[in-house]
Each structure stands twice: as structure tokens, then as C-alpha cells.
Amino acid sequence: MKNAYVQISNLSFTRGERAIYEGVSINIPRGKITAVMGPSGTGKTTLLRLIAAQLHPDQGSVLVDGVDIHKANRSALYDTRKKIGMLFQSGALFSDMSVYENVAFPLEEHTDLPDDIIKDIVLMKLQSVGLRGAVDLMPSELSGGMARRVALARAIALDPELVMYDEPFAGQDPISKGVLVELIKKLNKAVGITSVLVSHDVEESLSISDHVCILSGGTVVAQGTPEEIKASDDARVIQFLNGQADGPVPFHFPACSYAGDLIGSST
Ligand SMILES: Nc1ncnc2c1ncn2[C@@H]1O[C@H](COP(=O)(O)OP(=O)(O)OP(=O)(O)O)[C@@H](O)[C@H]1O
């Protein structure tokens, strides 16, 4: 795809004995919102970490804005990482820093901007997530949902070209969820940010994304527009979209026989 911001080709990645990805190819279109969905434990967070070069594939390549991120030299890697904002499930704030200091941190680390400009940017980012009033609070004084939004303000502090959201709606009340959905759309439309959204929230994801990629069992089982995905006749896609427990995708993590485990534990 010519206009892909992230181009993943023939990617394989193994954790211990377990193949998480086997020859996966995915294109993340530039300036669009791509939803990555799939059963729990399938490797969605792992995929984001492979894109950000926090993990390295056994095989295959990941091009981020044309840069092969796993072969890039130190300075190209640094420059490319500056273009990526990440909101991870475990994206904890620095607990000994205020909300202000948390959002200012990447600006102080990566730019030479004067303090008054940094202050304006921090307040602008906090305003966009609806938390300018929380600027002086410490992370321990925030709810889980508020902390997630402060982490988002920090993730977009450097005006990234690519933002990856890992379960941004988890633990959000309906109003905050609405704020986040609008914010993701606004960042995408107004500033042209390429967005990757990992979420279990099927309805929300399909409603805001331009492109959808469904992963299962180490491969891509479907890719396309939300309309194409909804019209898919692949049994795994139908099972996932409808939240059915029974179907081709197993609910259980691979394990030895249950009876064997129980007998083993009683001896
Ligand atoms: N640090 C680690 N060491 C070994 N295995 C890991 C590690 N982190 C994750 N895994 C394994 O990799 C697989 C993929 O994990 P990952 O977190 O990417 O899944 P996911 O699709 O994001 O899941 P969820 O939707 O539940 O968040 C899982 O089977 C998990 O057990």
C-alpha cells in the first residue's frame, strides 16, 4: 500500500515456545484510524510493542513512515520514536510528579522550548482531554479514568504523527468514553494523525475506525472497512463480533488436559 504509515510485512514473533505471529502482513493507512481487534491474549499489545520497536520480531519487517524500525541506526530510531505517541494499558504516570510535570516531561526531555511555551502546551493538551483543572493534582488523587486521560495528554505532548491506543476505553464512564472517542476523531481529522486503536469495544471501534484488522491465532483473519468486516462470512469474525463463547476461536489459553491437571494436583 503506497499510503501506508506503518507497513508490516511477513512478521513472525515467538514468546518462549509459543508463536504469537506467523508471517503476518498489515498496512496501517496514513491519516486514518485503524482498529486492531481480536480475542484476549492474541497479541494485540505485542503488535503495538513491535511497531514501537520495544520488541523485535524473529522475522519480517516493520516500516514506520518508511523507516525499517528494527534495522534503523540509533539516531533514526530516536527520530522515528519521537513521531510515535503511545497510550498503553499499563501506561502509568510518574507517581512522584504532578499532572503538570507528567505532561511536561516529554517536552522537557525532547525539546529546548522555553518554560512559558511548555506551560502553554501542557495546558492546551490537558484542556483537550478535559482535565486542565487537574493540573496541580498528584496521580494518587486521580481516578483510573482521569489518569488514563492525563496519560493521553502526555502521549500527544510532542504532536506525534502516529498515536497507538491500547484499550483507551477500559475503566471509563460513558461521558469520559465519549470525550475520548471525540478526541481520537478530532486528533485524526484535524491534525491528520494516524491512529491505531486496540479495543475490545466492538461497537465503539467499528463506529470510529476507517480500517479494521482482526487478529486470531497468530494471523490476520480479516482486514477492511468496518462495513466489509460486518459483512464478513468468516466464522471467526462472526464469533468475535457477536461475542459468542462457542465457535472456531477457543476461549481457553492452550493447556494440558484439565482432568490430568486435577488428578496431578491430588497426588
Ligand atoms: N512478557 C511476556 N513474556 C512472555 N509472554 C508474554 C509476555 N507478555 C505477553 N505474553 C504472552 O503473549 C501473548 C500475547 O499477549 P498480548 O498482551 O499481546 O495479548 P492481547 O491480545 O493484547 O491481550 P488482551 O486483549 O487480553 O490485552 C499472550 O499469550 C501472553 O501470555
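Both counts, for ligands and for their atoms, begin at 1 and track the order of listing. Just so you know, these numbers come straight off a predicted model, no measurement behind them.
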statement: Rounded to the nearest 0.5 Å, the CG atom of Asp112 sits from the CD1 atom of Ile117 at a distance of 13.0 Å

- prompt: Which class fits the ring pair His56 and His70: parallel under 30°, tilted 30 to 60°, perpendicular over 60°?
  reply: perpendicular

So, does [X] sit close enough to ligand 1 that a heavy atom of it is under 4.0 Å from the ligand?
X	value
Arg49	no
Gly41	yes
Glu167	no

message: One residue to check: Lys44. Relative to ligand 1, which of side chain, backbone, both or neither has a non-hydrogen atom less than 4.0 Å away?
response: both

statement: Counting heavy atoms under 4.0 Å, the part of Ile20 that contacts ligand 1 is side chain

query: Between Lys125 and Asp120, is there a side-chain N and carboxylate O pair less than 4.0 Å apart?
result: no

Taking only heavy atoms of [X], which atoms of ligand 1 are found under 4.0 Å from at least one of them?
X	result
Gly43	14 (C), 16 (P), 18 (O), 19 (O), 20 (P), 21 (O)
Thr46	14 (C), 15 (O), 16 (P), 18 (O)
His200	25 (O)

query: So between Arg18, Met37, Arg15, whose heavy atom ends up nearest atom 29 (O) of ligand 1?
result: Arg18

field: Between Asp58 and Thr14, a side-chain donor and acceptor under 3.5 Å
entry: yes

query: Do Thr45 and Asp166 meet the criterion of a side-chain donor-acceptor pair at a distance under 3.5 Å?
result: yes

- request: Check the surroundings of atom NZ in Lys189: do more than 12 heavy atoms from other residues, nucleotides or ligands lie under 6.0 Å from it?
  value: yes

message: Taking atom NZ as the centre, does Lys83 end up with more than 12 heavy-atom neighbours from other residues, nucleotides or ligands that are less than 6.0 angstrom away?
response: yes

